[in-house]
Amino acid sequence: MRSRINLSVLYFVLPFMVVYFIFQIFPLFQAVVASLYKWDLLTSSMSFIGIDNYLKMFKDPTFWSSLMNTIKFVVYSTPLLIGTGLLFALLLNGTGSKKVLFRTAFFAPYIFSVAIVTLIWGFMFNAQKGLLGEFARIIGIQPINWLTDPSFAMPAIIIATLWWTVGFNMVLFLAGLQDIDSALYESSSLEGASWFQDFRYITLPGLARTLELVTILQVIMSFQIFGQVYILTKGGPGGTTRVLIQYIYETGFRDHQLGYASAMAFALFLVMGVVSFFQFKLSKEES
Amino acid sequence: MKVKNISITVLLIVLAVVWILPIYWMFVMSITPNELLKLNSTALWPQGFSIQNFLGVLQIGLTLRWFLNSIIVTLLGTALTLVLQSMAAYAFAKMRFKGRSLLFSLTLAGLMVPKEAMFIPLFLMFAQVGGHNTYAALYLPRVAIPMGVFIMAQFFKGVPDSVTEAAQIDGATPLRTFFCIILPMSIPALTSVGIFTYILTWNDFLWPLVAATRKEMFTITTGLASLQGNFAQATELGSLMARGVIAGLPLFILFLIFQRHLIRGISMSSGEKY
């Protein structure tokens, strides 16, 4: 009996574990190994160079500017994505077919792939062909060519991302709101509490765990931004929107330097590991 | 109070229009002849009607092939994810064995790995075995992302032990118990995981961009991206938008049908509750 159970554990666990180790764990180690080599994709020539790739990275201005652009995106987009998601959730909490309809509208873009999002927004942001330009002409201001203007390209990426993914945060917040005991609101309304007091003393504390979770997920997601930038601006104008994943991609597949690309990918793992670690620590301390 | 409610409703309507308008605009352009769009592309009411853009998808280019690639990759990836991950989740949630908590923690740790940073190491691995431009290369890495194990294990933990014990007393093997009793009970959770995996696989961009370099092996997502940013887009706006509509349609239909499951699925994966 005992041995039969153990054997069946194998049937159940092994198939997934094999896939998991091959495609998730092993590549991580391989990235570290590859980062120690000068590895040319075209000639497949490999030579061990120790930590030279990492030294090169520290001196590479494009690496730093890509990292800074990524951080800029994370810092600007995260509060916007969380704030708007929370606002939508607060406005649409509860039942009723109207609310369901609005929720559907805000969530709908999330199901589209990045290629569709960029297809739509690439033209939305076009001053001549797009709706934003048309809107500007109607209200009588000069239309902007968002994607080719250095001061508007990053905001454009953030706007498209907000439109695309805020529905996901909204749904997470809605789930969090449903967990708050409705009796709390009933007793507070008996005591004549205002809407703001309800929000400050019941909703916000009740959402603390969700807020933490959404923040962590959002920062992880935002750090990995690639598709919107790569298709909409190619990192331009003048490198003002080039993000780290894009630079890693270009290094590996345009410049054929796989070893250097691996070193930067590993650096990204570390940066994200450190950021998540501090987020967890911070949220532990708060609670 | 009344004024506040009305102003909230007005705000919501404005926001909803802003959110839906870009999608609607894509649709309007997709049914407008290319020649009319050259003159004016910002009309919100179709200036003409033509299904030529959609017919063009069938006749010209590889869009149909990309669409089929996406369907194959997504279906295989989703099916494998559901079977492998729910079995592993069941073992973690309901079976006792040595090293269980270690393996489970190791699996959950995979959730923290930034998916998009994996493409270089994964590429190196597939390059060594010459596995590029195959369907397996496109869906296998997705099967390894342990989100489904996490969600399904949460679900299976909620299944009372008496259910599995009763089946065992009746002499059912663990595999039989799992497939004939546990899985049919888990259809709501499986649906959520399935739809999510389907959406994420269908929409995957960076990995297919790297893993499939031959045009014939592009997915609809990478294929559609490859059409953007070239000169054709200026003259064939309608055709481009028709391809966008076609790429989005399967998920849009799925979304309308399974909306409830989808939204509940996210709340489960947030680990808040079931």
Side-chain angles (χ1 to χ4, degrees), chain A residues 5-6 8-9 11-13 15-17 19-20 23-24 27-28 30-31 34 91 102 104-106 108-109 111-116 118-124 129-131 134 163 168 171-172 175-176 179 210 213 220 223-224 226-227 231 245 248 252-253 258 261-262 265 268-269 272 276, chain B residues 8 12 16 19-23 25-26 41-42 84-85 87-88 90-91 95 97 103 107 110 112-118 120-122 124-125 140-141 143-144 146 149 173-175 199 202-203 205-206 210 221 224-225 228-229 240-241 244 247-248 251-252 255 259 263 266-267 270 272-273:
Chain A
I5 284 184
N6 277 336
S8 61
V9 164
Y11 303 146
F12 277 90
V13 179
F16 172 73
M17 276 315 195
V19 175
Y20 182 65
F23 297 104
Q24 195 87 348
L28 282 176
Q30 206 183 16
L91 292 176
F102 282 124
T104 308
F106 295 136
I111 60 158
F112 289 130
S113 71
V114 68
I116 298 177
T118 56
L119 180 65
I120 296 174
W121 284 90
F123 286 100
M124 285 289 280
K129 291 180 193 287
L131 291 185
E134 183 70 15
W163 177 82
F168 184 74
V171 169
L172 291 179
D179 278 356
T210 315
L213 177 95
I220 292 176
F223 255 106
Q224 301 180 64
F226 170 68
I231 308 172
I245 298 256
I248 297 173
F253 298 97
L258 283 180
S262 300
L268 178 62
F269 280 131
M272 293 184 57
S276 324
Chain B
I8 286 180
L12 279 171
W19 247 255
I20 292 303
L21 195 65
I23 302 173
W25 184 48
M26 169 172 73
S41 57
T42 57
L84 297 192
Q85 297 203 6
M87 286 181 84
Y90 181 69
M95 292 173 155
F97 57 93
L103 277 183
T107 307
M112 295 302 293
V113 174
K115 187 184 126 310
E116 299 290 26
M118 291 290 286
I120 291 275
L122 277 173
L124 297 175
M125 210 173 70
L140 277 177
V143 178
V149 178
T173 63
L175 275 179
I199 292 182
W202 185 274
N203 288 347
F205 177 62
L206 180 52
V210 171
T221 304
L224 188 64
Q228 295 173 45
L240 202 56
M241 294 297 164
L251 290 191
F252 203 74
F255 168 63
Q259 224 199 99
I263 286 172
I266 305 179
S267 31
S270 77
E272 294 291 325
K273 64 169 183 182

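Below, each value reflects all heavy atoms present in this structure, side chains not excepted, and no hydrogens, waters or symmetry copies.
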Residues Val143(B), Phe23(A); criterion side-chain contact (heavy atoms from CB on, under 4.5 Å); working and verdict:
CA-CA 9 Å; Val143(B) 178; Phe23(A) 297 104; over 6 Å; no
Heavy-atom closest contact (Trp25(B) atom, Ile120(A) atom, distance)
CZ3-O, 3.8 Å
Considering only heavy atoms, which portion of Ile220(A) lies under 4.5 Å from any heavy atom of chain B: side chain, backbone, both, or neither?
side chain
Scanning both residues in full, the closest heavy-atom pair of Gln24(A) with Pro146(B) reads NE2-CD, 4.2 Å
Closest heavy-atom pair and its distance - Pro121(B), Gln30(A)
O-OE1, 3.6 Å
Bottom line for Phe112(A): the part with an atom under 4.5 Å from chain B's heavy atoms is both
Do you know which two heavy atoms are closest between Leu119(A) and Gln228(B), and how far apart they sit?
N-OE1, 3.3 Å
Cut-off 4.5 Å, heavy atoms of chain A, and the answer for Ile120(B) is side chain
Among Gly227(A), Ala34(A), Ala108(A), Gly122(A), which residue has the highest count of heavy-atom pairs closer than 4.5 Å to chain B?
Ala108(A)
Could you walk me through whether Ile116(A) and Met26(B) satisfy the side-chain contact (heavy atoms from CB on, under 4.5 Å) test, starting with their C-alpha distance in whole Å, then the side-chain angles of each, then the deciding distance to 0.1 Å, before giving a yes or no?
CA-CA 9 Å; Ile116(A) 298 177; Met26(B) 169 172 73; 3.9 Å; yes
For Met125(B), is it the side chain, the backbone, both, or neither that has a heavy atom closer than 4.5 Å to a heavy atom of chain A?
both
Residue selection (most heavy-atom pairs with chain A, distance under 4.5 Å) from Pro22(B), Gly110(B), Ala16(B)
Pro22(B)
Identified side chain to side chain contact (heavy atoms under 4.5 Å, CB included) partner of Ser113(A) from the options Thr221(B), Leu251(B), Ile199(B):
Thr221(B)
Would you name the heavy atoms of Asn203(B) and Ile111(A) that are closest together and state the gap between them?
ND2-O, 2.9 Å
Looking at Val210(B) and Phe253(A), what are the two nearest heavy atoms and their distance?
CG1-CZ, 3.3 Å
Among Leu268(A), Leu258(A), Leu28(A), the residue with the most heavy-atom pairs under 4.5 Å to chain B is Leu258(A)
Sub-4.5 Å side-chain heavy-atom contact between Phe12(A) and Pro174(B)
yes
Step-by-step side-chain contact (heavy atoms from CB on, under 4.5 Å) determination, Val149(B) to Tyr20(A)
CA-CA 11 Å; Val149(B) 178; Tyr20(A) 182 65; over 6 Å; no
Is chain B contacted by the side chain of Met272(A), its backbone, both, or neither, given a heavy-atom distance below 4.5 Å?
side chain
Measure Phe106(A) against the heavy atoms of chain B and call it side chain, backbone, both or neither at under 4.5 Å.
both
Using non-hydrogen atoms only, which part of Ile245(A) is less than 4.5 Å away from chain B: side chain, backbone, both, or neither?
both
Is Phe102(A) close to chain B through its backbone or its side chain, or both, or neither, when contacts mean heavy atoms under 4.5 Å?
side chain
Which one wins on heavy-atom pair count under 4.5 Å against chain A: Ile23(B), Leu103(B), Leu21(B)?
Ile23(B)
Roughly how far, to the nearest 0.5 Å, is CG of Leu224(B) from OG1 of Thr118(A)?
7.0 Å
Atom CZ of Phe16(A) and atom CE of Met87(B): how far apart are they, to the nearest 0.5 Å?
13.0 Å
